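Values in this document were obtained by computation on a predicted structure and should not be read as measured data. Reminder, nothing fancy here: chain letters follow the sequence lines and each chain counts from 1.
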Amino acid sequence: MICRWIVLNSSKVSRILSPFSSLLSSKSSFSVAKLDDEPNTSTNFSSDHRDCFDQEILFDMKNLGFREYLHGQHFRGLVSDLRQTHVEDVMGELMAESPDLSVWFFKELIDVYGFRHSRFSTLLVSHILAAQRRFNELQVILQHLLQEEGSGSAYLLCELLSSSFREWDSTGLVWDMLLFLTSRSKMVDDSLYILEKMKDLKLNVSTQAYNSILYNFRQTDKLWDMYREIDAKNEHTYSTVVDGLCRQQRVEDAVLFLRDCEWEDVGPSVVSFNSIMSSYCKLGLVDTAKSFFCTVLKCGLVPSVYSHNILINGLCVAGSIGEALELAGHMSQRGVEPDTVTYNILAKGFHLLGMISSVWEVIQEMVDRGLSPDVITYTILLCGYCQLGNIDKSLRLLKDILSRGLELSSVIPCSVMLSGLCKTGRIDEALSLFYEMKANGLRPDLVAYSIVIHGLCRLGEFDMAVWLYDEMCNKRIHPNSRTRGAMLLGLCQKGMLLEARAFLDSLVSTGSTLDIILYNIVIDGYAKSGCIEEALELFKVVTESGVTPTVATFNSLIYGYCKIRNIGEARKILDGIKLYGLVPSAVSYTTLMNAYANCGNTERVDDLRREMKAEGISPTDFTYSVMIKGLCVAGKLEKCEEVLRDMSDEGKTPDQITYNTVIQYQCSVKDLSKAFELFEEMKLRNLDPTPATYNILMDGLCLYGYIEDADRFLCSLQEQGVDLSKFAYTTLIKAHCVKGDPEMAVKHFLQLLDRGFDVTIRDYSAVINRLCRRRLANEAKFFFSLMLSRGISPDLDICRVMIKSSDVAAWIFKSGLLPD
DNA sequence: ATAGGGTTAG
């Protein structure tokens with residue numbers, strides 16, 4: 001009996017007695033009044049005491065209510081002392097009394113006390129529940145068991161089932177539920193093991209369980225084997241096959257299958273159509289998806305929220321936001337209401353179009369309609385803030401998201417934030433967020449690692465990048481081509497080509513399958529550094545190892561030859577592209593054109609333009625800017641007008657780079673008013689000037705001695721909060737030095753430091769050099785001291801310049817500032 | 001069972 005067990009097994013037995021004290025006082029003589037306060041008092045239980053917990057008391061206890069008893073303080077104190085064997089004993093005894101009681105006891109231990117049950121007691125209760133057809137409860141406790149046991153537990157469970165429960169009538173149901181749950185929990189091997197055992201024991205396998213197994217195999221070639229094994233197929237079976245075929249990129253087969261099974265019992269379901277629509281949308285064939293939507297209607301079926309959302313999403317991705325909105329607006333008429341997903345899709349659609357304010361409106365409407373934004377909604381918002389460069393706002397939002405409860409999916413908003421921080425160079429904050437994630441139990445995944453590694457590499461922080469790369473490998477998160485690409489790209493951009501190549505070779509030697517992108521990055525790295533020999537050698541490795549080059553591979557080689565000014569060879573590479581069965585791209589032509597444009601060879605540029613046209617390759621904005629640059633270099637401005645006309649004929653407007661090119665040309669021919677006219681024009685056209693635009697104008701003003709204008713220009717830009725680059729300042733600083741207005745030079749230089757620009761020895765050197773030449777020794781000294789105070793040591797160049805100016809030299813020697 | 005969020009060489 002439970003009471004006897006409690007008396008015999010618990011060290012805290014004294015506490016148990018008190019709930020019954022009132023009961024006991026009337027029935028027996030012993031008192032428990034003080035025992036609670038004195039837990040160490042040893043209590044001697046004689047056989048008399050044990051007798052107190054006899055049938056009669058158990059009976060009374062039941063009358064009093066186990067529930068009250070077990071919820072009492074006294075029982076709670078006992079739970080930590082419960083052992084598996086005790087529970088099983090109690091369960092056994094309770095079973096004899098009443099199965100319901102034992103089930104209740106079992107569940108109470110789990111729900112109230114978080115107790116971990118043995119396999120045996122769980123299976124025992126499972127059989128009771130199965131016999132009573134209490135399937136929901138059965139599912140809950142078996143799921144609980146499987147979570148605790150983990151993968152690979154099927155063997156032991158099957159052993160136990162067939163040895164101890166074979167006689168139970170309900171055992172088949174327990175087996176089947178176990179099969180269903182292992183399959184649904186993606187414990188594929190366990191589910192297959194159970195399935196085999198069930199077949200051996202000739203137990204019935206439910207369609208639900210089979211469907212779940214089929215679902216796990218839907219993306220593999222075992223799909224049909226599994227399908228054929230199922231005797232009692234239902235709607236789910238068919239829709240799973242349809243979905244599987246869709247995911248295997250076999251939409252046509254899916255459609256055929258759907259048509260065939262129309263003749264069988266149930267007819268096609270909306271779910272199957274949804275899978276097919278989703279597939280066509282992903283292939284970019286929204287119109288086909290739409291026609292299936294019509295088919296659904298024609299079949300007399302009702303498109304679900306899913307159907308609508310799938311199509312709305314397809315339309316958004318295809319850029320047809322108007323049509324997407326229209327469809328969403330018609331949902332109510334079809335008897336379905338837009339849900340959070342619908343609004344998220346629309347919000348993302350606007351985000352893709354860069355219409356951030358509309359993203360806001362969509363979310364507002366969603367809230368107005370009483371729907372709650374979810375993690376995904378917030379993630380889209382977060383993307384928007386990051387895209388607008390509002391990193392601090394993003395950080396606040398992320399904090400807000402995370403404080404709403406850490407879901408497993410919260411890794412994604414963190415990744416968005418990581419990406420935002422990395423892109424704005426705030427790598428330290430990215431790293432601390434990364435650590436914070438780990439500390440909060442959010443395990444960074446492949447994407448999160450890749451983003452941070454990419455960010456580190458871009459800044460040349462390779463030690464840390466390699467460290468994280470190793471860490472992710474150790475955590476069995478396998479780097480993919482992008483992660484590796486980030487490492488290679490970073491190394492190449494820092495000019496560390498030997499290291500990049502060593503890394504690439506190490507990947508080859510460890511047997512990783514390398515895709516062409518990784519080779520392309522290193523080939524491009526060689527080409528950009530003017531190492532055409534190495535680029536060609538690696539290209540040879542590519543072709544010899546059976547990897548197919550892409551146009552990008554050849555484009556890098558073209559660039560490489562252009563870089564070393566061997567345009568002839570570059571041209572030969574262009575012609576060679578077709579020999580590999582590839583088509584030259586706009587980049588191929590533009591790169592070559594750029595080489596000709598740089599030396600003002602407009603005839604060659606024109607030739608290439610004609611060739612492009614003949615090949616049916618459309619010029620890009622970049623191509624046009626190169627053509628215009630060529631004309632500017634050659635001084636044929638009148639022809640620029642012609643090209644600009646061609647552009648507008650094609651519906652293209654010149655981009656910022658093109659404007660910059662022409663503005664630079666106007667500056668170079670001293671027509672500053674024309675230059676500023678163009679500057680105003682580009683603003684009128686809603687083209688944001690780039691930092692380079694300001695630099696060009698600033699340089700132009702300074703070059704022709706309009707320094708006061710340049711000062712005013714800088715001031716007004718600062719007032720407008722324009723994003724200026726360091727160059728705008730240094731140009732002006734140099735001009736003031738040359739002109740002999742060191743005060744202004746100092747003023748601007750201090751601003752440069754104030755605004756947190758990375759001021760290097762080159763910048764100090766440029767100023768000191770010019771000041772010394774103008775014999776402005778005191779100012780030169782000032783900058784020299786400033787440099788030292790910022791922790792920068794003078795190099796040989798600066799010392800040489802300073803020494804030449806004898807006054808300064810004496811000062812340096814005197815102050816002992818010269819390095820060894 | 002079917003829908004929505006994060007990385008991306010030139």
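For Leu352(A) and dG6(B), the CG to C1' distance is 13 Å, given to the nearest whole Å. A straight line from CG of Asn211(A) to P of dA1(B) spans 9 Å, rounded to a whole angstrom. Distance Asn555(A) CG to dG10(B) P: 11 Å, rounded to the nearest Å.
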Please table the atom pairs, donor to acceptor, closer than 3.5 Å between any side-chain atom in residues 277-286 of chain A and protein atoms at least two apart or in another chain.
residue   : atom : partner   : partner atom : Å
Ser278(A) : OG   : Lys282(A) : NZ           : 3.2

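For the pair Tyr306(A) and dA1(B), the criterion of a side-chain N or O lying under 4.0 Å from OP1 or OP2 is not met. At dA9(B), none of the side-chain N or O atoms of Arg458(A) fall inside 4.0 Å of OP1 or OP2 (strictly under the cut-off). Regarding contacts with the backbone of dG6(B), a side-chain N or O of Lys348(A) is found under 4.0 angstrom from either OP1 or OP2. The shortest distance between the side-chain N/O atoms of Arg247(A) and the OP1/OP2 oxygens of dT2(B) is below 4.0 Å. Within the 4.0 Å cut-off from OP1 or OP2 of dA3(B), not a single side-chain nitrogen or oxygen of His308(A) is found.
Side-chain to base pairing of Asp445(A) with dG6(B): one donor and one acceptor N or O lie within less than 3.5 Å of each other.
Within the 4.5 Å cutoff, the side chain of Phe293(A) has heavy atoms near those of the Ser307(A) side chain.
In this model, a donor atom of one side chain and an acceptor atom of the other lie less than 3.5 Å apart for Thr483(A) and Ser450(A). For the residue pair Lys629(A) and Asn594(A), a side-chain donor N or O sits within less than 3.5 Å of a side-chain acceptor on the partner.
Among the protein residues, His236(A) comes within range of the nucleic acid bases, having at least one heavy atom under 4.0 Å from a base atom.
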